[in-house]
Amino acid sequence: MRYIVCLVLCLCSAVVLSADDVVVTAQTFGCVLDMTKVRNTRIQNPDPEKLKEAIRIFRDSVPDKEYPTGTILQLIPGEAMVKHDQAAFPNTRGWEFFALKVTAKGTEIQDRGDKVLNTTLKKPCLDCHSPAAKFDFVCEKKHGCAPIPLPDLTIASMQNSDPRCKK
């Protein structure tokens, strides 16, 4: 009887723990223009309520507030951040960074994790995002991160040139 109780408790725990798991594949990333835009950043979450919360946190630059699990942030088509449960990536409070290769055929994940190198700057994503720890590691112009070497018009042009978007 004790074995059955333990088995049931373990199964229940597994179901509860996996409820917020985020499965990320290349198909997770599509045309950035299909994502909600707040300033220059594109935001997505498959759960409409979590998307609203993520937009609010980003739009209002809310400090000391974590983004909901499942949130995807993209500034340019070739890079992304995805929010997991904090235990998945404790150094980044759950954020997983992605280096993406995008073509008209779709997306290929070139690298992922919390130690991904930014292909342009040749340094770990976390190096730039760490100063924004108060903002859940999300960089914006007043979050303490070093400015990115791209003007706003270039970012907009890169987003509008996403080859995955239907023309």
Side-chain angles (χ1 to χ4, degrees), residues 20-48 50-59 61-62 65-133 135-141 143-152 154-166:
D20 265 351
D21 281 355
V22 178
V23 177
V24 182
T25 66
Q27 288 71 38
T28 302
F29 305 103
C31 171
V32 295
L33 300 178
D34 293 338
M35 299 168 75
T36 302
K37 183 179 180 183
V38 178
R39 290 181 286 282
N40 285 332
T41 300
R42 301 296 178 147
I43 305 173
Q44 181 178 320
N45 193 305
D47 179 319
K50 288 182 177 183
L51 175 60
K52 280 187 211 174
E53 177 66 359
I55 290 169
R56 183 190 72 77
I57 293 168
F58 190 89
R59 180 194 64 225
S61 290
V62 179
K65 177 78 175 155
E66 287 196 31
Y67 282 78
T69 302
T71 299
I72 300 171
L73 299 177
Q74 281 191 268
L75 186 63
I76 59 173
E79 300 175 357
M81 312 172 51
V82 178
K83 183 71 171 195
H84 295 268
D85 182 85
Q86 189 169 347
F89 298 96
N91 293 335
T92 58
R93 279 195 217 121
W95 286 107
E96 181 179 18
F97 298 104
F98 288 82
L100 308 171
K101 179 180 179 184
V102 296
T103 66
K105 292 181 181 180
T107 306
E108 178 186 322
I109 297 173
Q110 294 185 309
D111 197 7
R112 65 187 294 174
D114 58 356
K115 295 175 179 46
V116 172
L117 288 180
N118 177 294
T119 55
T120 306
L121 302 174
K122 307 288 189 242
K123 58 192 218 178
C125 298
L126 189 54
D127 283 7
C128 291
H129 286 264
S130 287
F135 296 95
D136 199 19
F137 294 93
V138 175
C139 291
E140 269 246 276
K141 290 181 177 159
H143 288 188
C145 303
I148 60 169
L150 297 172
D152 291 347
T154 302
I155 293 168
S157 175
M158 291 172 80
Q159 291 177 356
N160 288 325
S161 303
D162 187 339
R164 298 166 297 180
C165 301
K166 305 283 187 244

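For reference, positions follow the sequence shown, starting with 1.
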Q. At what distance, to the nearest 0.5 angstrom, does CG of Asn91 lie from CD of Gln86?
A. 10.0 Å

Q) Are any of the side-chain heavy atoms of Phe97 and Asp111 separated by less than 4.5 Å? A) no

Q: Taking the side chain as every heavy atom from C-beta outward, state whether Asp152 and Lys141 have any atom pair closer than 4.5 Å.
A: yes

(Q) So, taking the atom named CG in Asp162 and the one named OG in Ser157, what distance separates them when rounded to the nearest 0.5 Å? (A) 11.5 Å

Q. Which distance, rounded to the nearest 0.5 Å, do you find between the NE2 of His129 and the SG of Cys145?
A. 6.5 Å

Q) Is there a donor-acceptor pair closer than 3.5 Å between any side-chain N or O of Arg56 and the backbone N or O of Val62? A) no

Q: Write down the atom of Val32, the atom of Arg164, and the distance for their closest heavy-atom approach.
A: CG1-NH2, 3.6 Å

Q: Report yes if the side chains of Ile148 and Ile155 come closer than 4.5 Å at any heavy-atom pair, otherwise no.
A: yes

Q.
Restricting to non-hydrogen atoms, name the atom on Gly113 and the atom on Phe89 that form the minimum distance, rounded to 0.1 Å.
A. CA-CE2, 3.9 Å

Q: Apply side chain to side chain contact (heavy atoms under 4.5 Å, CB included) to Lys115 and Leu126, showing your working.
A: CA-CA 7 Å; Lys115 295 175 179 46; Leu126 189 54; over 6 Å; no

Q.
For Tyr67, is there any backbone N or O sitting under 3.5 Å from a side-chain donor or acceptor partner on Asp136?
A. yes

Q. What pair of heavy atoms forms the shortest contact from Arg39 to Ser61, and how long is it?
A. NH2-OG, 3.9 Å

**Q.** Side-chain heavy-atom pair Leu73, Trp95 within 4.5 angstrom cut-off
**A.** yes

Q: Kindly say whether Thr69 contributes a backbone atom to a donor-acceptor pair with the side chain of Asn45 at under 3.5 angstrom?
A: yes

Q) Any idea which heavy atoms bring Met35 and Ile43 closest together, and the distance? A) CB-O, 3.7 Å

(Q) Are the side chains of Val24 and Phe98 in contact, using a 4.5 Å heavy-atom criterion? (A) yes

Q: Go through the steps for Asp34 and Gln44 under the test side chain to side chain contact (heavy atoms under 4.5 Å, CB included), then give the verdict.
A: CA-CA 9 Å; Asp34 293 338; Gln44 181 178 320; over 6 Å; no

**Q.** Neighbour count above 12 (heavy atom, 6.0 Å) for Lys37 NZ
**A.** yes

**Q.** Side-chain heavy atoms of Val116 within contact of Glu79, under 4.5 Å
**A.** no

Q. Of all heavy-atom pairs between Leu121 and Pro149, which one has the smallest distance, and what is that distance?
A. CD2-CG, 4.1 Å

Q. How many angstroms lie between atom CG of Leu51 and atom CD1 of Ile72, to the nearest 0.5 angstrom?
A. 10.5 Å

Q) Does Thr107 reach the main-chain N or O of Phe29 with its side chain, forming a donor-acceptor pair under 3.5 Å? A) yes

Q | Interatomic spacing from CG in Asp47 to OG1 in Thr71 - rounded to 0.5 Å | A | 9.0 Å

Q.
Can you tell whether the side chains of Lys50 and Glu53 come within less than 4.0 Å, N to carboxylate O?
A. no

Q | Any donor-acceptor pair under 3.5 Å from Ser130 side chain to Asp127 backbone | A | no

Q: Could you tell me whether a side-chain N or O of Glu96 sits under 3.5 Å from a main-chain N or O of Ala88, the two making a donor and an acceptor?
A: no

Q. So, the side chain of Arg42 versus the backbone of Gln74: is there a donor-acceptor pair under 3.5 Å, distance only?
A. no

Q. What is the distance from atom OG1 of Thr41 to atom CD of Glu140, rounded to the nearest 0.5 Å?
A. 5.5 Å

Q | Asp114 side-chain N/O to Thr92 backbone N/O, donor-acceptor pair under 3.5 Å | A | no

Q: Considering non-hydrogen atoms only, spot the tightest contact between Ala26 and Ile109 and give its length.
A: N-CD1, 3.7 Å

Q: Could you go through the side chain to side chain contact (heavy atoms under 4.5 Å, CB included) check for Lys123 and Cys128 one step at a time?
A: CA-CA 8 Å; Lys123 58 192 218 178; Cys128 291; 3.5 Å; yes

Q: Fit a plane to each ring of Phe135 and His143, take the angle between them on a 0 to 90° scale, and name the class: parallel (under 30°), tilted (30 to 60°) or perpendicular (over 60°).
A: parallel

